[in-house]
Amino acid sequence: MKNLKITALLAVLACSPFYANVFPTEGTPVVRTIKADITWKSESIDVGNIPQGKPKLIRFEFTNTSKKPIVIENVAPSCGCTTADYTKTPILPGKKGFVEASFNAAAAGPFMKTVNVTTSESKTPKTLSFKGTVTA
C-alpha cells in the first residue's frame with residue numbers, strides 16, 4: 001500500500017505544472033551561445049615577407065560590442081622577440097581599440113607568433129596570431 005501511494009505521488013508530480021518548463025520545447029536550442037564582447041577585425045594576420053633586421057609592427061583592431069566599457073587588463077606576447085602596446089583607456093560601447101605587436105625580425109626564415117589578450121569582460125585570454133617570413 002505504501003508503494004502504491006509513493007507511485008501515485010510521483011505520477012502526480014511528473015504531470016504537474018512545476019515540471020512543465022523543465023524540458024526544452026521543440027525549436028528551442030539546448031545550447032545557447034554567448035555573444036562576444038569584442039569583435040576583432042582579424043584574429044590572425046599574415047604579414048608576408050619582411051626584411052631581416054627591421055622590426056615589424058602588426059596592429060589588431062577591435063570593436064566593443066558589449067553594453068559597457070571594456071578595459072584591456074593584460075597583453076602577453078609569446079616570446080621576447082615581440083613587444084606589445086594596446087589601448088590603455090576604457091573602450092566604450094561601440095568604440096574601437098587596438099593591440100599592437102612589434103616583432104623583431106632578427107632571424108631569417110618563417111615565423112608564427114601569438115599575443116594573448118585578457119580583458120575586464122573575459123579572464124580567458126584571447127589568442128591573436130601573426131605569421132610571415134623574414135628574408136635576408
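Note that this is a predicted model, so its numbers are computed, not measured.
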Looking only at side-chain N and O atoms, does Thr127 offer a donor or acceptor that is under 3.5 Å from a partner on Asn116?
yes

Identify the two heavy atoms, one from Asp46 and one from Gly48, that lie closest to each other, and give their separation to 0.1 Å.
OD1-N, 2.9 Å

Nearest heavy-atom approach of Glu73 to Ser120 is OE2-CA, 3.4 Å

Short question: side chain of Ser42, backbone of Ser44 - any donor-acceptor pair under 3.5 Å?
yes

Who clusters with Met112? Use side-chain heavy atoms, under 4.5 angstrom, across I, L, V, M, F, W and Y, and order the result by chain and number.
none

Lys96 vs Lys41, test: side chain to side chain contact (heavy atoms under 4.5 Å, CB included). Steps then yes/no.
CA-CA 10 Å; Lys96 296 184 181 301; Lys41 185 175 178 181; over 6 Å; no

Tracing side-chain contacts under 4.5 Å among Ile, Leu, Val, Met, Phe, Trp and Tyr outward from Val115 reaches Ile38, Trp40, Ile45, Val47, Ile50, Ile58, Phe60, Phe62, Ile70, Ile72, Val75, Tyr86, Ile91, Val99, Phe103, Phe111, Val117, Leu128, Phe130, Val134

Polar side-chain atom of Gln52 near backbone of Ala106 as donor-acceptor pair, under 3.5 Å
yes

Between the NZ atom in Lys54 and the OG1 atom in Thr135, the distance rounded to the nearest 0.5 Å is 10.5 Å

If only atom types and distance count, is the side chain of Thr82 paired as donor or acceptor with the main-chain N or O of Ala101 below 3.5 Å?
no

Measure the shortest side-chain to side-chain distance between Lys68 and Glu121 over non-hydrogen atoms and say whether it is less than 4.5 angstrom.
yes

With sequence neighbours excluded, give me every disulfide (SG to SG under 2.5 Å) pair touching residues 100-136.
none

At their closest point, which heavy atom of Ser129 faces which heavy atom of Thr114, and how far apart are they?
CB-CG2, 4.0 Å

For Lys67, all residues meeting salt bridge (charged side-chain N to carboxylate O under 4.0 Å, His left out), sequence neighbours excluded
none

So, the side chain of Thr65 versus the backbone of Asp37: is there a donor-acceptor pair under 3.5 Å, distance only?
yes

For Lys95, what residues pass the salt bridge (charged side-chain N to carboxylate O under 4.0 Å, His left out) criterion, not counting sequence neighbours?
none

Any disulfide (SG to SG under 2.5 Å) pairs touching residues 58-132, not counting sequence neighbours?
Cys79-Cys81

On a heavy-atom basis, the closest approach of Pro93 and Ser66 is CB-O, 3.3 Å

Is it true that a side-chain atom of Thr133 and a backbone atom of Pro110 form a donor plus acceptor pair closer than 3.5 Å?
no

Taking side chain as C-beta onward, heavy atoms only, is Asp85 less than 4.5 Å from Thr83?
no

